[in-house]
Amino acid sequence: AQRVTQPEKLLSVFKGAPVELKCNYSYSGSPELFWYVQYSRQRLQLLLRHISRESIKGFTADLNKGETSFHLKKPFAQEEDSAMYYCALRGITQGGSEKLVFGKGTKLTVNP
Amino acid sequence: NAGVMQNPRHLVRRRGQEARLRCSPMKGHSHVYWYRQLPEEGLKFMVYLQKENIIDESGMPKERFSAEFPKEGPSILRIQQVVRGDSAAYFCASSKPSARAEAFFGQGTRLTVV
């Protein structure tokens with residue numbers, strides 16, 4: 001079964017401080033992992049995916065298969081980063097892709 | 001490309017009535033997901049569909065809930081005989097078939113059962 005765990009419901013940091021949003025997953029096969037973000041009054045949108053190994057808005061995330069983690073990091077948080085962040089997993093099988101499953105989300109607040 | 005469109009944005013139903021939530025995927029997207037979001041909770045998976053086929057409905061309650069994605073027209077999430085506990089935000093997302101494809105979300109339908 002696919003499972004995504006985000007242990008922190010709320011995370012508050014000061015502007016300029018480093019931020020790390022934790023995500024652990026459980027899946028027996030080969031997963032695709034994503035981070036989605038929801039800014040206030042906006043729809044959920046993709047922030048980054050592990051396969052592309054890119055940095056978006058200063059955020060990076062590395063897939064650690066040994067620890068089954070996909071933590072989201074940013075070295076210097078900005079006030080505009082305040083939002084709800086969701087980690088998501090989609091499994092891959094020989095028959096095709098499986099459902100896209102989300103964690104419960106972490107609300108990040110960046111204080112001035 | 002207009003993006004994923006959900007309607008209505010807000011829906012009020014009395015207990016026992018039926019609720020129909022519609023989702024029009026992005027052009028070229030053949031896969032649709034439905035999620036429920038309750039207060040203080042994340043996005044709970046309900047059902048994953050492709051046109052004319054349900055791929056995974058493991059998150060759907062066994063009774064009163066059904067979903068379809070016909071060859072023509074939007075995907076429909078149908079809740080029969082609604083109860084107060086069905087009050088939630090329901091989100092739809094669409095994607096291309098690839099496992100690596102980004103899922104694009106609609107703005108959701110907020111269902112209130114009175």
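What you are looking at is a predicted structure, and each value in this text was computed from that prediction instead of being measured. Throughout, a chain's letter reflects where its sequence line sits, starting with A, and its residues are numbered from 1.
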Could you pull out the closest heavy-atom pair between A/K73 and A/E20, with the gap in Å?
CE-OE2, 2.8 Å

Result of checking B/S75, B/P74, B/S30 against B/F69 for side-chain contact (heavy atoms from CB on, under 4.5 Å):
B/S75

So that I know where these two stand, are A/F59 and A/Y85 an aromatic pair - ring centroids less than 6.0 Å apart?
yes

Count the heavy-atom pairs under 4.5 Å between each of A/H50, A/K9, A/K107 and chain B, then report the option with the highest count.
A/K9

Rounded to the nearest 0.5 Å, how far does OH of A/Y86 lie from CD of A/Q45?
13.0 Å

Cut-off 4.5 Å, heavy atoms of chain A, and the answer for B/F104 is neither

Choice from A/R43, A/Q38, A/Q6, A/K104 maximising heavy atom contacts with chain B below 4.5 Å:
A/R43

